[in-house]
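Contents: one structure, followed by commentary.
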Number of protein chains: 2
Amino acid sequence: MAAQRDQGHNGDQPPAAVTDVSARDVPAARERARAIPEAAVARLAVYLRVLSGMAEEGVSTISSEELAAAAGVNSAKLRKDLSYVGSYGTRGVGYDVDVLISEIERILGLTRKHSVAVVGIGNLGHALANYGGFPSRGFPVAALFDVDSDLMGVPVGGIPVEHIDDIEAICREREVNIGVIATPPSVAQDVCDRLVSGGVQCILNFAPVVLGVPDHVEVRKVDLAVEMQILSFHVARRADEALAEVTVDGTRPGVGEAVVGR
Amino acid sequence: MAAQRDQGHNGDQPPAAVTDVSARDVPAARERARAIPEAAVARLAVYLRVLSGMAEEGVSTISSEELAAAAGVNSAKLRKDLSYVGSYGTRGVGYDVDVLISEIERILGLTRKHSVAVVGIGNLGHALANYGGFPSRGFPVAALFDVDSDLMGVPVGGIPVEHIDDIEAICREREVNIGVIATPPSVAQDVCDRLVSGGVQCILNFAPVVLGVPDHVEVRKVDLAVEMQILSFHVARRADEALAEVTVDGTRPGVGEAVVGR
DNA sequence: AGCCGCTTGTGAACGCAGGCACAAAGTCGT
DNA sequence: ACGACTTTGTGCCTGCGTTCACAAGCGGCT
Ligand SMILES: NC(=O)c1ccc[n+]([C@@H]2O[C@H](COP(=O)([O-])OP(=O)(O)OC[C@H]3O[C@@H](n4cnc5c(N)ncnc54)[C@H](O)[C@@H]3O)[C@@H](O)[C@H]2O)c1
Ligand SMILES: NC(=O)c1ccc[n+]([C@@H]2O[C@H](COP(=O)([O-])OP(=O)(O)OC[C@H]3O[C@@H](n4cnc5c(N)ncnc54)[C@H](O)[C@@H]3O)[C@@H](O)[C@H]2O)c1
């Protein structure tokens with residue numbers, strides 16, 4: 001079938017030394033939540049989207065095999081991922097789509113409200129603020145910030161842009177949970193610090209810099225240049241391989257059929 | 001120190017079953033290139049950016065410890081990553097910044113030209129097309145595509161938008177290596193197929209769908225909703241932990257100091 | 001009611017990536 | 001010229017995540 005190989009791009013940073021200061025030799029109880037590998041969490045989010053699509057199409061039950069195919073993963077892995085959430089399948093039948101959606105949402109914490117603030121309303125910030133996919137998935141955009149005085153008060157995606165200097169106060173007031181940084185790299189650390197002092201605990205960073213944050217803050221970065229370079233690496237590798245392939249046995253890499261994702 | 005925990009979000013998909021059909025029990029030679037873990041490739045790209053910054057500031061030599069701190073990783077891991085590239089350090093001194101830059105660029109395949117095509121010039125596509133960070137890093141934008149007739153010929157970031165129906169021909173003609181999909185999810189698979197038949201081997205997908213592609217095509221996806229949901233999960237986990245923490249020994253997670261990344 | 005076949009859930013094995021610690025190697029100072 | 005110091009490169013161990021394979025469980029069919 002050959003769906004895409006998902007991101008191989010992943011972790012670094014001492015998983016137990018720096019970030020996980022707290023969770024060790026603790027009784028148990030929420031141990032279950034902690035035990036979910038981050039990679040599995042990422043996949044759960046994908047399953048959730050696929051399941052939502054299924055639900056809209058009126059599908060009420062799905063087997064691990066079908067869901068795995070739709071999500072582009074191995075069915076064993078899918079079942080193990082779902083087992084982190086709990087046992088909500090029916091043997092011989094499969095999973096109830098609605099139940100699974102509810103349970104995954106619960107585990108991912110999507111039952112809470114997660115207000116988002118976008119900082120840096122330039123090219124990228126505009127696109128993010130206008131994007132309907134966030135509010136519709138439970139991430140309402142609560143505030144936009146910039147330094148540019150021309151932007152002050154201008155509504156983008158229905159939300160007026162506010163001045164960066166008010167960021168702490170506004171974030172606290174509106175209980176912003178997630179800060180999105182779309183400013184130039186040079187000011188990203190400063191913006192990050194301000195978000196943190198505004199009580200924001202989760203940050204999604206688009207600026208190509210490594211942010212330093214306190215232990216209790218979670219940062220994820222989206223670095224397009226890195227993505228490009230990883231692709232570039234694969235181009236180079238493929239070129240080498242194709243060369244070696246031909247040299248060794250004359251076989252050329254097959255072209256295969258294009259499989260439809262959903 | 002506590003820099004950010006990098007993406008824990010990572011691999012899935014059978015690493016040896018689907019994608020790596022070709023590279024096994026091969027003589028050796030380029031075996032070196034294949035042997036680099038994808039996670040290490042992602043970090044190499046980060047090191048490269050940090051090093052570029054260093055070079056601009058006139059730094060000519062850097063130790064693994066310094067570079068590791070700047071990149072937010074463990075120094076041992078950094079050295080191991082660099083060892084995949086080769087032995088270009090000088091013991092007792094460190095690495096020559098320029099040499100390291102050249103070698104990482106070589107490994108990442110950045111010595112070749114990588115033309116990029118962006119498909120779907122909406123909110124996100126505009127931002128991408130206008131982004132100066134791609135051309136400056138060796139990824140010139142060679143073409144833009146959309147279906148919207150109002151956009152035809154309109155220059156975005158200096159490149160005129162062309163019709164999606166010409167995509168195969170233009171991609172072949174301009175030797176596009178990397179296709180970026182920023183269309184609505186519903187047409188993403190179709191666009192993907194067209195890119196592939198236009199000879200594009202690497203795809204960066206922003207649409208929230210799982211793309212099916214032939215084995216020889218590499219897909220990476222950037223899924224902001226998934227990123228948000230991973231953050232959401234951590235919010236939930238933290239809330240649970242904080243609760244348990246207080247319940248068990250009365251200690252509250254420390255607030256720590258905000259460390260500056262660079 | 002009992003059997004059959006299908007699908008889940010998971011125990012166990014495997015493999016890869018991360019981290020430690022040290023020997024090798026080179027530099028700088030005297 | 002030699003020794004002491006610094007820093008690299010890497011072997012080994014540990015731990016996590018993925019995969020396999022199968023027993024347990026449930027619905028449906030006879
Ligand atoms: N545009 C893209 O497609 C793209 C792609 C990858 C990465 N990025 C990164 O995303 C970031 C934003 O890119 P962009 O193209 O939108 O840049 P941009 O220059 O269009 O926008 C930056 C915005 O940040 C604002 N800003 C500057 N200093 C600020 C401060 N101290 N506080 C608040 N706002 C401030 C500016 O006024 C501007 O509106 C950059 O770091 C860039 O490297 C962008
Ligand atoms: N805007 C964001 O910040 C954001 C964030 C995350 C994900 N995304 C995803 O990125 C994609 C684009 O988002 P957007 O906000 O730019 O949407 P958009 O609607 O603004 O832009 C989509 C563009 O694609 C074009 N298009 C439609 N069908 C096409 C086809 N068959 N061939 C070529 N072009 C076609 C449309 O004309 C439009 O210009 C979506 O899949 C969205 O889910 C966007």
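Residue numbers begin at 1 in each chain, while the letters A, B, ... track the order of the sequences.
The phosphate of D:dT18 has OP1 or OP2 within less than 4.0 Å of a side-chain N or O from A:R43. Considering only side-chain N and O atoms, B:Y88 lies nowhere under 4.0 angstrom from the phosphate OP1 or OP2 of D:dT7. Within the structure, a side-chain polar atom (N or O) of A:S64 is placed less than 4.0 Å from OP1 or OP2 of C:dT8.
Counting only heavy atoms from C-beta outward, the side chains of A:L67 and A:V73 never approach each other to under 4.5 Å.
Counting to the nearest Å, the P atom of C:dT7 and the CD atom of A:E66 are 8 Å from each other. The CG-P distance, from A:L82 to D:dT18, rounds to 14 Å in whole Å. The separation between B:Y95 atom OH and D:dT6 atom P is 18 Å, rounded to whole Å. Following rounding to the nearest Å, A:K77 (NZ) and D:dA21 (C1') show an atom-to-atom distance of 17 Å. For the pair B:E38 CD and C:dA17 P, the interatomic distance rounds to 10 Å; values are reported in whole Å. Rounded to whole angstrom, the span from the CG atom of A:N74 across to the P atom of C:dT8 amounts to 13 Å. Per the geometry, CG belonging to A:D81 stands 7 Å off P belonging to D:dT18, to the nearest Å. B:L78 places its CG atom 19 Å from the P atom of C:dA21, with the value rounded to the nearest Å.
Here the nucleotide nearest the side chain of B:K80, chosen from D:dC12, D:dC20, D:dG25, is D:dC12. The side chain of A:V93 lies closest to D:dG27, out of D:dG27, D:dT19, C:dA17. Each of C:dG18, C:dT10, D:dT8 was ranked by its minimum atom distance to the side chain of B:S63; first place goes to D:dT8. Across C:dC20, D:dG27, C:dT8, the shortest atom-to-atom separation from the side chain of B:A76 is found for C:dC20. Each of D:dC22, C:dG18, D:dA24 was ranked by its minimum atom distance to the side chain of A:R79; first place goes to D:dC22.
Remark: side-chain polar atoms of A:S87 are not paired, donor with acceptor, to backbone N or O of A:S83 under 3.5 angstrom. Under the 3.5 Å distance criterion, the side-chain polar atoms of B:S52 are matched with a main-chain donor or acceptor of B:L48.
Taking 4.0 Å as the cut-off between side-chain N and carboxylate O, A:R220 and A:E38 count as a salt-bridged pair.
Contact of B:R91 with D:dT8 (side chain to base): a donor-acceptor pair of N or O atoms is detected under 3.5 Å.
The closest side-chain donor-acceptor pair between A:R79 and A:S64 falls under 3.5 angstrom.
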